[in-house]
Number of protein chains: 2
Amino acid sequence: MEMPIPNANVLSRKSQIVERLQSVLPPAAVIHTESQVRAYECDALTAYKCPPLCAVLPASTEEVAAVLKVCHDMGVPVVPRGSGTSLAGGALPTADCVILGTARLNAVLETNYDDRYIRVQSGRTNLSVTGAVEEMDFFYAPDPSSQLACAIAGNVAMNSGGAHCLKYGVTTNNLLGVKMVLMDGTITEIGGGHLDAAGLDLLGLICGSEGQLGVVTEATLRILRKPEGARPVLMAFNDNEVAGACVADIIKAGVLPVAIEFMDRLCIETTENYAKAGYPDCNALLIVEVEGAPEEIDEQLALILEIARRHDPVELREAKSPEEAARIWLGRKSAFGAIGQISDYMCLDGTIPVSSLPMVLRRIGELSEEYGLKVGNVFHAGDGNMHPLICYDANKPGDLELCEAMGAEILKLCVDAGGCLTGEHGVGIEKRDLMSHQFDPADLEIQMAVKDVFDPDWLLNPAKVFPLDTSQSRRIAAE
Amino acid sequence: MEMPIPNANVLSRKSQIVERLQSVLPPAAVIHTESQVRAYECDALTAYKCPPLCAVLPASTEEVAAVLKVCHDMGVPVVPRGSGTSLAGGALPTADCVILGTARLNAVLETNYDDRYIRVQSGRTNLSVTGAVEEMDFFYAPDPSSQLACAIAGNVAMNSGGAHCLKYGVTTNNLLGVKMVLMDGTITEIGGGHLDAAGLDLLGLICGSEGQLGVVTEATLRILRKPEGARPVLMAFNDNEVAGACVADIIKAGVLPVAIEFMDRLCIETTENYAKAGYPDCNALLIVEVEGAPEEIDEQLALILEIARRHDPVELREAKSPEEAARIWLGRKSAFGAIGQISDYMCLDGTIPVSSLPMVLRRIGELSEEYGLKVGNVFHAGDGNMHPLICYDANKPGDLELCEAMGAEILKLCVDAGGCLTGEHGVGIEKRDLMSHQFDPADLEIQMAVKDVFDPDWLLNPAKVFPLDTSQSRRIAAE
């Protein structure tokens, strides 16, 4: 992946920039020595690394505004960063940028059970939002796999989902409002603890905008009452396509489980060796979870199991206790880690209409043969959000490039099947050049013109989202 | 409400404009005689009327594109119109505009039960979308009171809701994609039958943009399996505030009925005289409906009724049959019509956090005394979407202005309570000058700059949404 040429004029002024930032922040909040800035050289897309010019850790909206004003006035690019768990390189620095970390923005500002929302600073981790309300039996629904570490700032930037988003929707369906700082330091509030917005729906636009429009410092999030109970069932099949057809039939029947997760043979075997969850020997596995009162669960599962039986399953295993439920989830939750133990991998993120699951899975198998790279499939099947894991060897010259080329083919396949380049990880640097496959030049031009409105100098999160040549020429034109 | 000064240069070229439109459409699709254009002089905000220059009725996306290109090239404003049921004047013409009616864009283009969506032309009425899928036991969830007449085009423009949106969300939660024509005639597709969008979420931006950004010609809509059954319960109270507190307690308890509707004494009495639904003699009435399997309904209603009993109800009446259910809903569904029989009225549309319902209802009562105008309250209480109906006499000089002034105070009250100017009717002309109460100049400037991107000449749906002076100066600057 090509990196942009850093602005020499910015690099040469490093000491003045650091000095100006130190004048608006406490000394410890400006990180600028070569060894310290290394901590920010990459996110979870570790194939790409680049130390930033420096990093700052503001603790309030006002400090964020002061940082952005300094950078705006001095023409310095800014890369906002949640917890750095992006799999798409959404927080990858450029050599001439200031990393704006949200780690110190972690306070709970308000909990309101009457109107069912919580207002937090954006650096707070996803799981600790639920942690702040669970004593009252409430929770925050979107649950990315990285929820122990990932920040709400990143969730809002990428419109993150998770296993349970089939029922509860992704971030945009659970976000009520934000406080955001524009690149010039202007503080703005959008949405709040009420239904809908007057005028244009800027909140919908900002959710998923990958730090291109502003830096979100506070978020008002919908909280929900915890369901009475939940129960998963594990379904084993001999064939990927049959499992895919079973998912499509469950969705078509109109039952709405809270999660439908899919794993193929590579993931099942690797996970079993690693986590010993007791999964059966099979080619494809579904975990379907429903929730509610016990009788509601019984009724939904009866219908789901009846559909599954029509697809000639190897095994259907309903959890009979919380321990059995935990074991069913254990393998799924360990899958990424397990694959990581045996190989380097790149985790893709495309969405497709659910009915094309069997076709897309078959074609991924064919591509795996053609490229000679193993692919593990583990993903949120119920809403058609695919996560193929392509295994490669980072030490073998050319293997990363081969992996990226194959990844691009899979994502194009998703788009051609009527789907989308990204479900929840975002475009980042990973998919920026594929945007031209999804959008024609006129569509891309409109998106970039919207970016012009919020960030006319193209200083925010550079070299991401849009094809590099177009975004770079936009930035040069602004200089 | 002030109307913009028509562009004399456009008025003087009427015959050329009609001729050019006739060259791209069948003859019957261009309506231009004085008597015929009267049919388009207003929408459901009948206090304001203005015949347009002419009206066109294209039947395809290509015809819409041809019309917009003609108007763009000739500098003619265009007002898109669904079925003209807007209560906020969203489709009110200007004297120099072409009305673009969607009445002939009414085809079903695709139904896909596997992926649970339907693709329709945008002029199709809301209820006939459900009509197209109900033989397979599916339905389209958003249900505005005007659903028999209102078009999907208008639903998308206003992000419409309805009684059952407490559970299913409003239009933006049920819209998967659109085909849209920009003012210069460019045809663009946004979203589709899959989860999420790559790049900026333009679909979220377009939903609710009130025809300011483009003309939507097709919509891909989520369809859902019909629930097994539904059952309403009627709850009568002696006091508005107590009923409001009961709503807040139901929401706070985390149960999610499919609808919670509210009516006050004026609405109850007027409706009872008109529709004879057998409502009890009381000051405030709630209709709470839950759905699902019979045992699920029993369980939810038991909890809801337990909460209601704590608020000293006058009567709790659970529907024991489909006939009783229909009678409970009959009054609510007749309420607007019933008030219309006794008085002219203006229907407001603001949202508030549910917990402030009691305070806002009390203050509306005080304002009613101060202004000497009766107010009926009938609204979607569960999601805090208020619809105060202010009664006035259209034949009494000054009464409309008094009504508008009082309406403005109520909407400001909603904003000050932490709510929003509009829940589902949109800003239109009705609330354009109140936008400055909700947004500061920097926020409005961003919204207008986004409009600049899509419609740089400010030709689309003029004099709506933004304060008249600012939108007019924008348009003049573009000329």
Side-chain angles (χ1 to χ4, degrees), chain A residues 112-116 138 159 170 172-173 186 188 192-202 204-205 207-209 212 224-225 248 251-254 293 295-296 299 351-355 383-385 418-424 427 431 435 438-439 442-443 446-447 449-451 453-454 465, chain B residues 112-116 138 159 170 172-173 186 188 192-202 204-205 207-209 212 224-225 248 251-254 293 295-296 299 351-355 383-385 418-424 427 431 435 438-439 442-443 446-447 449-451 453-454 465:
Chain A
N112 183 326
Y113 296 105
D114 290 354
D115 295 320
R116 293 189 302 134
F138 278 77
N159 190 18
V170 292
T172 195
N173 308 112
T186 309
T188 177
H194 55 75
L195 181 76
D196 209 359
L200 298 179
D201 181 13
L202 297 182
L205 178 69
C207 189
S209 63
Q212 292 291 317
L224 300 171
R225 177 72 80 173
I251 295 294
K252 188 176 172 177
E295 53 274 33
E296 224 178 317
E299 194 182 345
T351 70
I352 54 170
V354 174
S355 65
D383 47 17
N385 188 184
C420 171
L421 284 178
T422 171
E424 53 187 0
V427 175
K431 285 165 263 188
M435 287 285 278
Q438 175 126 39
F439 298 104
D443 291 338
I446 288 184
Q447 294 194 34
V450 171
K451 159 97 168 157
V453 168
F454 287 82
V465 182
Chain B
N112 184 325
Y113 295 106
D114 291 355
D115 295 320
R116 293 189 300 134
F138 277 78
N159 190 19
V170 291
T172 196
N173 308 112
T186 308
T188 178
H194 54 75
L195 182 75
D196 211 0
L200 298 180
D201 180 13
L202 297 184
L205 178 68
C207 190
S209 63
Q212 292 292 317
L224 300 171
R225 176 73 81 175
I251 296 295
K252 188 175 174 179
E295 53 274 35
E296 224 178 316
E299 194 181 344
T351 71
I352 54 169
V354 174
S355 66
D383 45 18
N385 188 182
C420 170
L421 284 180
T422 170
E424 53 185 2
V427 175
K431 285 166 260 188
M435 287 286 278
Q438 176 126 40
F439 299 104
D443 292 339
I446 288 183
Q447 295 194 33
V450 171
K451 159 95 169 161
V453 168
F454 287 81
V465 181

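The sequence lines fix the lettering, A, B, ..., with proteins before strands; numbering per chain opens at 1. We use all heavy atoms of the structure for the numbers below, so side chains are in, but hydrogens, waters and symmetry mates are not.
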(message) Using heavy-atom distances under 4.5 Å, tell me whether Q447(B) contacts chain A through its side chain, its backbone, both, or neither.
(response) both
[options]: which one forms the most heavy-atom pairs within less than 4.5 Å of chain A?
options: T172(B), V170(B), L421(B), I251(B); answer: I251(B)
options: G192(B), A248(B), S209(B), G199(B); answer: G199(B)
options: S355(B), G418(B), G384(B); answer: S355(B)

(request) Could you pull out the closest heavy-atom pair between Q438(B) and G419(B), with the gap in Å? (result) NE2-O, 3.3 Å
(request) Write down the atom of C207(A), the atom of N159(A), and the distance for their closest heavy-atom approach. (result) SG-OD1, 3.7 Å
(message) Contact between D383(B) and T351(B) at the side-chain level, heavy atoms closer than 4.5 Å - yes or no?
(response) no
Looking at [options], which makes the most heavy-atom pairs under 4.5 Å with chain B?
options: A442(A), G254(A), G204(A), C420(A); value: C420(A)
options: K252(A), K431(A), K451(A); value: K252(A)
options: T422(A), D115(A), N112(A), D114(A); value: D115(A)
options: V450(A), I352(A), T186(A), N173(A); value: V450(A)

(message) Given heavy-atom pairs under 4.5 angstrom as the criterion, report whether the side chain, backbone, both or neither of V354(A) touches chain B.
(response) both
(message) If we check side chain to side chain contact (heavy atoms under 4.5 Å, CB included) with I446(A), which of these qualifies: L202(B), L205(B), L200(B)?
(response) L202(B)
